[in-house]
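Data block below; observations after.
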Amino acid sequence: MEITVPHPWPGTPAEAEAIQNELRGRVEASGSVAPRTVAGLDVSYAGDGGGARTRVAAAAVVLDAATLDVVEESVAVGMSDFPYVPGLFAFRELPTLVEALRGLSATPGLLVCDGYGLAHPRRFGLACHVGIITGLPTIGIAKTAFVGAHEPPGPARGDQAPLLLDGVEVGRVLRTQDGVKPVFVSVGHRVGLDEACRLALALAPRYRLPETTRRADRLSRDRLAAA
DNA sequence: GCGACAG
DNA sequence: ATCTTGTCGC
């Protein structure tokens, strides 16, 4: 797919925060989508995943939204510029992730990111960055808590609890399977939170994590091991 | 002031 | 994220 919108790039952590504060005004936190295809994004690291310069592999796997069958795969290898800093996580994965997206022949109807969107210290996590760059609807699905407070959701698949930050609902804690640890869903761009949760649940018919994330995780990991 | 902190 | 052994359960 074509990605032509330039993304400002920081030279320091302070600049990175400033960029997020500026770009967050462009996020559209509502909308309803019925994508025909959904792409999962993930990045794997070699060696110390926290270091400033480490080899990475980014994967974009497109699934048929109805059957969850794999439609297309794309992988890119690169080098991260930033060390891992909570809150500035996007700057670590974005360049290689964009390369992987460019390798796709068709534009997906939705992008699912491994991490957070609006549930972020500056309300602009990885899923928001990806949404603004591509202009596509995006959601973030994270495996562990980051910001906000929440009550534990009910024990059954589909049970949810609001994720609150300063009294505002910035995401939702969603149980994707009976009795498993819940995932954290937040809006990235052009999708409402209810819709994001509905999509997350549909993408995870059997396991805790959505098929999009599972496929992208495996592909990026395999690519890293191969090189 | 001290700890916690997506991947 | 990545490094790793054994172990519980379908």
For [X] and [N], is the shortest distance between a side-chain N/O and OP1 or OP2 below 4.0 Å?
{"X": "A:Thr144", "N": "B:dC5", "answer": "no"}
{"X": "A:Lys143", "N": "B:dA6", "answer": "no"}
{"X": "A:Arg92", "N": "C:dA1", "answer": "no"}

*Under the side chain to side chain contact (heavy atoms under 4.5 Å, CB included) rule, what do A:Arg172 and A:Asp194 come out as? Steps first, then yes or no, please.*
CA-CA 9 Å; A:Arg172 208 161 284 161; A:Asp194 285 328; 2.7 Å; yes
*Using a cut-off of 4.0 Å between protein heavy atoms and nucleotide atoms, how would you tag nucleotides 5-10 of chain C 5' to 3' with B, S and -?*
------
*Determine, answering yes or no, if A:Tyr84 is stacked on B:dG7 under the 5.5 Å centre rule and the 30° plane rule.*
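Stacking is present between B:dG7 and A:Tyr84, given that their ring centres fall under 5.5 Å apart and the planes under 30°.
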Give the rounded distance in Å between these two atoms: [atom1] of [X] and [atom2] of [N].
{"X": "A:Leu41", "N": "B:dA6", "atom1": "CG", "atom2": "C1'", "value": "15 Å"}
{"X": "A:Glu17", "N": "B:dC5", "atom1": "CD", "atom2": "C1'", "value": "13 Å"}
{"X": "A:Leu118", "N": "B:dA6", "atom1": "CG", "atom2": "P", "value": "18 Å"}
{"X": "A:Phe146", "N": "B:dG7", "atom1": "CZ", "atom2": "P", "value": "9 Å"}
{"X": "A:Asp114", "N": "B:dA6", "atom1": "CG", "atom2": "P", "value": "12 Å"}
{"X": "A:Arg53", "N": "C:dT2", "atom1": "CZ", "atom2": "P", "value": "19 Å"}
{"X": "A:Leu224", "N": "C:dA1", "atom1": "CG", "atom2": "P", "value": "13 Å"}
{"X": "A:Ile141", "N": "B:dG7", "atom1": "CD1", "atom2": "P", "value": "12 Å"}

*Any idea how A:His129 and A:His7 line up, ring-wise: parallel (<30°), tilted (30 to 60°), or perpendicular (>60°)?*
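Correct class here is parallel.
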*Evaluate the ring planes of A:Phe82 and A:Trp9, with Trp represented by its six-membered ring, and classify them as parallel (under 30°), tilted (30 to 60°) or perpendicular (over 60°).*
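Perpendicular, since the angle between the ring planes exceeds 60°.
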Assign [X] to base, sugar-phosphate, or nothing according to its heavy-atom contacts below 4.0 angstrom with the strands shown.
{"X": "A:Thr54", "answer": "nothing"}
{"X": "A:Tyr45", "answer": "sugar-phosphate"}
{"X": "A:Leu88", "answer": "base"}
{"X": "A:Ala145", "answer": "sugar-phosphate"}
{"X": "A:Gly87", "answer": "base"}

*Passing option when A:Thr134 is tested against A:Val98, A:Thr107, A:Ile3 for side-chain contact (heavy atoms from CB on, under 4.5 Å)*: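 With A:Thr134 as partner, A:Val98, A:Thr107, A:Ile3 yield a single side-chain contact (heavy atoms from CB on, under 4.5 Å), made by A:Ile3.
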_Considering all heavy atoms, the nearest A:Ala58-A:Ala100 contact_ =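 Smallest heavy-atom distance, with atoms named: O-CB, 3.7 Å.
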*Does the side chain of A:Leu136 come within less than 4.5 Å of A:Met1's, by heavy atoms?*
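Yes, close enough: below the 4.5 Å cut-off.
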*Any luck finding a side-chain donor-acceptor pair between A:Ser44 and A:Arg221 under 3.5 Å?*
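Distance-only check fails for A:Ser44 and A:Arg221.
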